[in-house]
Amino acid sequence: MLDRPTTQQAWQERAKALTIESRAFIDGAYVPALSGETFDRISPIDGTLLAKIANCGPADIDRAVAAARKAFEDGRWRHLAPVEKKKILLKFAALIRENIDEIALLESLDVGKVIGNALAVDVPNCADCIQYYAELADKLYDEVAPTGPMDQAVIRHEPLGVVAAIVPWNYPLIIAAWKIGPALVAGNSVILKPAEQSSLASLVLARLAKEAGIPDGVFNVVTGLGTSAGKPLGLHMDVDMVTFTGSTEVGKLMLRYSGESNMKRVSLECGGKSPQVVMADANLQSAAEGIAWGIFYNQGETCHAGSRVLVHRSVQKELVAKIADVAKVQIPIGYSLNPASQMGALIEQQHMERVLGYIDIGESEGAVVASGGHRVLQETGGFYVEPTILDECKNSMRVAQEEIFGPVVVVVPFDTEEEAIRLANDTIYGLGAAVWTSNMNAAHRLSSGIKAGTVWVNTFDRSNLATPFGGFKQSGFGRDRSVHAVEKYMDSKVIWTAYN
Ligand code: NAD
């Protein structure tokens, strides 16, 4: 194994030597799209062409679904002894760890995240998640219902069949693993459809899954644009479930596709505009650190990013100054392959322009730019925007209601606890929230009153695989992570036997 590079230059050299796979992975082999079509992937870190990716269309989706269906029906995976499934999935996790440098580098080049985080968070979390579900393989039981002595009613938990996992670009590996792990351990065949901005690491996962022993057809990766590859998956008559993470807008399309086709199951993890509620008695330094990391980590491209600060008016000025200071000192923005960078490039030029556009919209609505606000590192050719604080906002403003999905936090003052709860819930979303206070009674009232899938108290974004993750309201329904996630990839069947 090569030594891990320690400098930006060494990572750049390693990048030049990479062999990039850009074809889809169907039935155990890399294949181009049947049409021969590709689309360009431009690296957000420097604006150069990274790969020409297979643009799968309906014919490729038919091919992937047929392979997945055949593998499911002949039982090559679902009928494998649980302990064998466990061994294979554990090997899959181990191979992800062995190939960490290659995968992290691809992830950084493809989606712009800083190499340090790809190495410390994205790849290890992906491997840990596969391992978590691998370990469940031989611990899943069926049930026997209470009946009279002359009957036996067994409730069997059976896999659904063909599961399509349609995922976004912000945490391509972690979110894919949240779906692949439980869907595979339940015995399903899986078709992973990465976002068109983030195909490369998923294609490595396909190679490693095969190397680990996952049989052909059981794990497929179809690359392509949302409309060419995602839509036919959503509408396919032989897909049993779509497990989706992405925007609320496209999540709603998944529900329509299901209704227009075979009523396939749909699980949705969608957008967010998570409030960070800071009471007057909060430890402001801790709150500022939680808020700054909670919005600027991964360039703000996080579904549950704490993008809306609701702060008691008496501490607003002090808090804003502290958030700006934490961002400056602890979260330096820099070239994504520089190991010292903590914030990297936004996913693509169009998205960067959208984020900058929101800063303009905020100012025109009356917000005050307290820090940041500009594109930086233009000389790299990449798409970098500095950490930005929009102060003096009202919750009704577009910048406080719409998901910006970049390093932009809005600050809205309040005067009473009741007002804080009302503002926190004044959003279509309900993914995450945090409450910062030294009064535990207030913490209890606020965390009970705020509608969100996770409410953190005096911290932000602490989590592990054992806790379910997902949203209320238009942040979606269905939960990823934890043992409960396996249930959504299974159906229950009653087998009732009478003894005469
Ligand atoms: P997106 O909705 O644009 O795309 C998500 C996936 O859907 C991609 O694979 C895309 O190709 C596909 N898609 C797009 N249009 C489609 C169509 N018409 N038919 C079928 N498939 C289609 O989202 P994105 O821009 O990739 O990701 C950002 C969004 O994801 C944000 O809104 C973010 O909040 C959300 N997100 C949510 C969570 C969560 O767990 N709740 C986690 C991460 C990201």
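Remember, predicted model here, so these are calculated numbers, not experimental data. As the structure lists them, so they are numbered: ligands from 1, and atoms in each ligand from 1.
- The side chain of Leu253, and not its backbone, has at least one atom closer than 4.0 Å to an atom of ligand 1 (non-hydrogen atoms only; side chain from C-beta on).
- Less than 4.0 angstrom separates some heavy atom of Glu196 from each of these atoms of ligand 1: 10 (C), 11 (O).
- Within the set Cys303, Ala229, Gly476, Ser199, the minimum heavy-atom distance to atom 36 (N) of ligand 1 is found for Cys303.
- Per-residue contacts place Asn170 under 4.0 angstrom from the following atoms of ligand 1 (heavy atoms of the residue considered): 43 (C), 44 (C).
- Under 4.0 angstrom from ligand 1, the non-hydrogen atoms of Phe405 all belong to its side chain.
- If you number the atoms of ligand 1 from 1 as listed, the ones under 4.0 Å from a heavy atom of Gly230 come out as 20 (C), 21 (N).
- If you number the atoms of ligand 1 from 1 as listed, the ones under 4.0 Å from a heavy atom of Tyr257 come out as 17 (C), 18 (N), 19 (N), 20 (C).
- Checking Glu301 against Asn170 by side-chain atom types alone, no donor-acceptor pair falls below 3.5 Å.
- At a heavy-atom distance under 4.0 Å, no atom of Leu233 approaches ligand 1.
- Heavy atoms of Glu249 found under 4.0 angstrom from ligand 1: none, in either backbone or side chain.
- Taking a 4.0 Å cut-off on heavy atoms, Pro194 registers as neighbouring ligand 1.
- Within a 4.0 Å radius of atom 25 (O) of ligand 1, the protein contributes one or more non-hydrogen atoms.
- No side-chain donor from either of Tyr489 and Ser267 sits under 3.5 Å from a side-chain acceptor of the other.
- Considering Tyr429, Trp178, Phe469 only, the shortest heavy-atom separation from atom 40 (O) of ligand 1 involves Phe469.
- Counting heavy atoms closer than 4.0 Å to ligand 1, residue Ile175 contributes side-chain atoms (C-beta onward) but none from N, CA, C or O.
- Counting heavy atoms of neighbouring residues, nucleotides and ligands inside a 6.0 Å radius, atom NZ of Lys451 does not exceed 12 of them.
- Contact annotation for Met254 and ligand 1: only side-chain heavy atoms (C-beta onward) come within less than 4.0 Å of the ligand.
- Between Trp178 and Phe469, the gap from one ring centroid to the other is short of 6.0 Å.
- For Phe244, the closest heavy-atom approach to ligand 1 falls below 4.0 Å.
- When the side chain to side chain contact (heavy atoms under 4.5 Å, CB included) test is applied to Val121, the partners found at least two apart in sequence or on another chain are Asn125, Ile174, Tyr297.
- Heavy-atom separations between Gln197 and ligand 1 are all 4.0 Å or longer.
- Aromatic ring pairs are classed by plane angle as parallel below 30°, tilted from 30° to 60° and perpendicular above 60°; the pair Trp456 and His304 is tilted.
- Ring orientation note: the planes of Tyr30 and Phe25 are nearly perpendicular, at an angle over 60° on the 30°/60° scale.
- Looking at Thr245, Leu268, Thr248 and measuring to atom 5 (C) of ligand 1, the nearest heavy atom belongs to Thr245.
- Residue, atom and distance of the protein heavy atom nearest to atom 6 (C) of ligand 1 are Val167 O, 3.5 Å.
- Summarising the geometry, atom NZ belonging to Lys210 is positioned 14.0 Å from atom CG belonging to Leu95; distances are rounded to the nearest 0.5 Å.
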